[in-house]
Amino acid sequence: MTGFGLSAVFYCLSFTPSLLPRPWLLQGVVAGLTAAMGYAAGTAIGAIVRLRWWPSRRVEMIAWRLLFALVPLLILVFLWLGTRWQRDLRVRLGMEPQQEYDAMRTVGVSLLTFGLLLLTARLLRLGAHGIARLLIRVVPESAAYCAGFLVITLLSYGAFDGILVDNLYTTADRSAAITDSGTGRGVVRPASSLRSGGPGSLVSWDSLGRQGRNFVTKAPSQAQITAFTGRPATEPIRLYAGLQSNGDVRQRAATVVREMDRTGAFDRAVIAVLTPTGTGWVDNDVPSSLEYMYGGDTALVSMQYSYLPSALSFLFGRSQVVDAASALITAVRDRWAAMPPDHRPKLLIFGESLGTYGTEKTFGSAEKMVAGADGILLEGPTFANPIHQQLTEDRAPGSPVWDPSYPELPIEFASRAAELRELTGPRPKVVYMQNSSDPVVWAGVGLLWHRPDWLRGRRGPDVTPAMHWYPGITFWQTTVDLMFANKAPVGHGHTYKSGTVDGWAAVAAPPGWTTADTVRLRALLDR
């Protein structure tokens, strides 16, 4: 009874809105899983209560009748509310609304999901009882049931961790490695010596990996840059080292620096170190923005540290991004710092998602970040970033957690890219771009038991007023949001794209750059 009641409550709460809208299929799976969690919690609570008090038959009958009368009505109300909440959230983010009949499909998927999970739980319970019946012949009944429960728990954990998790990780790693060996459609080896993998390069084309090959070949041409700036452009330099370029991370970084010397990168107006996401992917809007802004007089470098997507790299290999970011940033900075100050190019550093974590760990403190480069742009910092956490906690009184103010240092936060156009005073040295609906920024284990500051008081422009914190539920919903955060429209979720132009304009705009130029370049990149 307790399990049924709590599963119904959890099921209804699963329809409450979170940071991002959910498609009907995902909502169905989430609702079924959430109901199963409620059923498990309710069953456990009921078992504990019955150790001290067992309700009478009359009380049980009244409780069941109330549940059967109220639960269907409650579910219908939350289905209606959930449909309205999802529609409003999609409109808020500029997405097409879902069809009304999707609610019925959601219910079907949720019931199927809940049924499969309940069947699995019942089979496990039968297994525990079977073991107990075998042991009851030689040990007391209570000990036999405890042993049966323990054996099934250990076997289940072993199967989940040793078979499912390990095999999934191994399969994902192998699959990612195979994908990395491929080449995207239309991507061909560059004919320019100013690209890694091209003529005279110290790095072979095959060793760059899929994302490295994309990076070095997708720069805008001189003609495209000239058409935008109205002035003769320089051919941009793009350099990259893949995992296959060198097995040692420091040697890999040293190879990139030698590539920079080979191509004359340190004679350019700007050099930028870009720490990629897990697979080695760099959003092409990031380097293209700088190349258009500086008329191609740029040298942009990056380096792969994993085959796996950022989510898996975050869980299993955070040390890899730290090692790679530290090796490349340090190698480039050391070479740059050895130059005469009046002959140095502008040094910029960029990190997105997990790349922001590696960048922060490389410098170790906000003060060192400010002093470490001419400009640092960090997009979508993870909830685990230590410097970001400290800056947010120490923000100026009255400033919201989603757009904090930190006047002690030239550091700026932006919950919307366009607000960076309104900055006054000295140019910031470090800019954090963090959409208020980005779960990568706002997730965390603390959501299990603590209402976050971003759901208190004034909310970010993306966060619906209908979202509220519920113990356990909000953590689960925000975790689900993580899986589809990159599917949101530009400027929402974990999608920054052309908003990078506003970020670069804030920390490193070239002389004469205007807001009109920013708008024009964003329109070009969005096309």
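Owing to the predicted nature of the structure, the values given are computational and were not obtained by experimental measurement.
- Of all the heavy atoms in Met95 and Pro489, the pair that sits closest is CG-CG, 3.5 Å.
- For the residue pair Thr16/Tyr470, the side-chain donor-acceptor check at 3.5 Å is not satisfied.
- Side-chain contact annotation: Ser498 with Asp526, donor-acceptor N/O pair under 3.5 Å present.
- A donor-acceptor distance shorter than 3.5 angstrom exists from the side chain of Gln304 to the backbone of Thr279, with no hydrogens or angles considered.
- Residues Pro287 and Leu274 share a closest heavy-atom pair of CB-CD1, 4.2 Å.
- Leu20 approaches Pro439 most closely through the heavy-atom pair CD1-CD, 4.0 Å.
- A donor-acceptor pair is defined here as one N or O able to donate and one able to accept, closer than 3.5 Å; no such pair exists between the side chain of Trp281 and the backbone of Arg210.
- Nearest heavy atoms, Gly38 versus Leu6: O-CB, 3.5 Å.
- When only modelled atom types and interatomic distance are considered, Asn385 and Thr382 share a side-chain donor-acceptor pair under 3.5 Å.
- The residues Asp502 and Arg416 are annotated as not salt-bridged, no charged nitrogen and carboxylate oxygen being separated by less than 4.0 angstrom.
- Between the side chain of Ser326 and the backbone N or O of Asp323 there is no donor-acceptor pair closer than 3.5 Å.
- One distance of note links CH2 of Trp24 with CE of Met104; it measures 12.5 Å at 0.5 Å rounding.
- Between the Arg395 side chain and the Ser399 main chain, a donor and an acceptor come within less than 3.5 Å of each other.
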Under the side-chain contact (heavy atoms from CB on, under 4.5 Å) rule, what do Ile376 and Phe363 come out as? Steps first, then yes or no, please. CA-CA 11 Å; Ile376 296 179; Phe363 288 99; 4.0 Å; yes

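- Looking only at side-chain heavy atoms (C-beta outward), Arg318 and Leu354 come within less than 4.5 Å of each other.
- Between Phe10 atom CZ and Met37 atom CE the span is 9.0 Å, to the nearest 0.5 Å.
- The shortest heavy-atom contact between Trp454 and Leu447 is CZ2-CD2, 4.0 Å.
- Remark: the backbone N or O of Gly375 is not paired with any side-chain donor or acceptor of Arg427 at under 3.5 angstrom.
- In this structure, the side chains of Leu300 and Phe215 come closer than 4.5 Å at one or more pairs of heavy atoms.
- Classification of the Phe413-Tyr432 ring pair by plane angle, with boundaries at 30° and 60°, yields parallel.
- In summary, of the residues considered (His494, Met467, Arg92, His492), a side chain to side chain contact (heavy atoms under 4.5 Å, CB included) with Ser437 occurs for His492 alone.
- Between Leu19 and Asp481, the shortest heavy-atom contact is N-OD2, 3.1 Å.
- When atom types are taken as modelled, the side chain of Arg456 and the backbone of Arg451 share a donor-acceptor pair closer than 3.5 angstrom.
- Thr514 places a side-chain N or O within donor-acceptor distance of the main-chain N or O of Asp517, the cut-off being under 3.5 Å.
- Here the OG-CH2 distance, from Ser436 to Trp442, works out to 8.0 Å after rounding to the nearest 0.5 Å.
- Rounded to the nearest 0.5 Å, atoms CZ (Arg90) and OG1 (Thr464) are 14.0 Å apart.
- Between the side chain of Thr495 and the backbone N or O of Asn486 there is at least one donor-acceptor pair closer than 3.5 Å.
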For side-chain contact (heavy atoms from CB on, under 4.5 Å), just list the numbers for Tyr292 and Leu524, CA-CA rounded to whole Å, side-chain angles, deciding distance to a tenth of an Å, and then say yes or no. CA-CA 10 Å; Tyr292 278 110; Leu524 174 65; 3.7 Å; yes

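- The line from CZ of Arg520 to CZ of Arg522 is 15.0 Å long, rounded to the nearest 0.5 Å.
- At least one donor-acceptor pair under 3.5 Å links the side chain of Tyr305 to the backbone N or O of Thr277.
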Kindly indicate, with the supporting measurements, whether the criterion side-chain contact (heavy atoms from CB on, under 4.5 Å) is fulfilled by Arg421 and Val519. CA-CA 10 Å; Arg421 304 171 194 172; Val519 174; 3.6 Å; yes

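- Using a 4.5 Å cut-off on side-chain heavy atoms (C-beta onward), Lys497 and Leu525 make no contact.
- With no hydrogens or angles considered, no side-chain donor-acceptor pair links Ser288 and Asp285 at under 3.5 Å.
- To the nearest 0.5 Å, atom CD of residue Glu352 and atom CE of residue Met433 are 9.5 Å apart.
- At least one side-chain heavy atom of Trp504 sits less than 4.5 Å from a side-chain heavy atom of Phe350.
- Of the possible polar contacts, one joining the Gln27 side chain to the Ser14 backbone as a donor-acceptor pair under 3.5 Å is found.
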Could you go through Arg22 and Gln477, starting from their C-alpha distance and side-chain angles, then the distance that decides it, and tell me whether this counts as side-chain contact (heavy atoms from CB on, under 4.5 Å)? CA-CA 10 Å; Arg22 294 186 288 270; Gln477 289 183 319; 3.5 Å; yes

